[in-house]
Undergrad: 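Before we start, here is the structure in question, set down as structure tokens.
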Amino acid sequence: MTKFSAKVYKLVRRIPEGSITSYGRCAAMLGKPRAAQGVGYALSHLPEGTDVPWWRVVNYRGGISIPGRKGRKQRALLKGEGVEFDERGEASWERFEWASDEALPRG
DNA sequence: CTCTTGACGAAAC
DNA sequence: TGTTTCGCCAAGA
């Protein structure tokens, strides 16, 4: 657990149910607009029973970047929260635009 | 420190 | 418009 990962987890925990954001936006909110991969890396190392809602983080297009079963799981979880996907597998931009000052981690 | 990998993103073809 | 390349950053070997 590094400082960066801790900040990523704290931030992702603040994403409200039924809302989503992107790796790049998370990175930007953490003050590192070019560390999108770092966000993905941190989330990929979460344990199964984590309290971090990792499934609310998608790529910049609103699509799922996770291959395999885990990715389908993410899609199912999002649909369960009311997030709709179009035929291209991309989520609604209205749900995508979660990014505000109050979303920033305070500590 | 160097090299490699990845749940990224933007630019160039 | 779809695909490939390149840049970026975090972590681990």
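The model shown is predicted, which means the values in this text are computed figures rather than measured ones. Letters A, B, ... are given to chains in the order of the sequence lines, protein chains preceding strands, and every chain is numbered from 1.
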Undergrad: Please determine whether the number of non-hydrogen atoms from other residues, nucleotides or ligands lying under 6.0 Å from atom CZ of A:Arg13 exceeds 12.
TA: yes
Undergrad: Find out if a path of hydrophobic residues (ILVMFWY) with successive side-chain heavy-atom gaps under 4.5 Å connects A:Trp54 to A:Tyr41.
TA: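 A:Trp54 and A:Tyr41: separate clusters.
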Undergrad: Please name the pair of heavy atoms, one in A:Val12 and one in A:Pro53, separated by the smallest distance, quoted to 0.1 Å.
TA: O-CG, 3.3 Å
Undergrad: Using nucleotides 3-5 of chain C, report all nitrogen or oxygen pairs with the protein that are shorter than 3.5 Å.
TA:
none

Undergrad: Under a 3.5 Å distance rule, please check whether A:Tyr9 uses its side chain to pair with a backbone N or O of A:Ala42 as donor and acceptor.
TA: yes
Undergrad: Looking only at non-hydrogen atoms, find the nearest pair between A:Tyr60 and A:Trp93 and report the distance.
TA: O-CH2, 3.4 Å
Undergrad: Search all heavy atoms of A:Cys26 against all heavy atoms of A:Thr21 and return the closest pair with its distance.
TA: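 In this case the closest contact between A:Cys26 and A:Thr21 is SG-CG2, 3.6 Å.
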Undergrad: Under 4.0 Å from any heavy atom of chain A: name the first and the last nucleotide of DNA chain B that qualifies, 5' to 3'.
TA: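 The footprint of chain A covers B:dG6 to B:dA10.
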Undergrad: Honestly curious: do A:Leu30 and A:Ile20 fall in one hydrophobic cluster under the side-chain, below-4.5 Å linking rule?
TA: yes
Undergrad: Kindly give the atom pairs (protein nitrogen or oxygen, nucleotide nitrogen or oxygen) under 3.5 Å for nucleotides 8-12 of chain C.
TA:
from, atom 1, to, atom 2, distance (Å)
C:dC8, O2, A:Gln37, OE1, 3.2
C:dC8, N3, A:Gln37, OE1, 3.2
C:dC9, O4', A:Arg34, O, 3.3
C:dA10, OP1, A:Lys32, NZ, 2.6
C:dA11, OP1, A:Thr2, OG1, 2.0
C:dA11, OP1, A:Ser5, N, 3.3
C:dA11, OP1, A:Ser5, OG, 2.7
C:dA11, OP2, A:Thr2, OG1, 3.2
C:dA11, O4', A:Tyr41, OH, 3.3

Undergrad: Less than 4.0 angstrom from a charged side-chain N to a carboxylate O is my criterion; do A:Glu81 and A:Arg56 meet it?
TA: yes
Undergrad: Transitively linked via ILVMFWY side-chain contacts under 4.5 Å: A:Val52 with A:Val83?
TA: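 Same hydrophobic cluster.
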Undergrad: Taking the side chain from A:Gln74 and the backbone from A:Val57, do they hold a donor-acceptor pair closer than 3.5 Å?
TA: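 Pair found, side chain donor or acceptor close to backbone of A:Val57.
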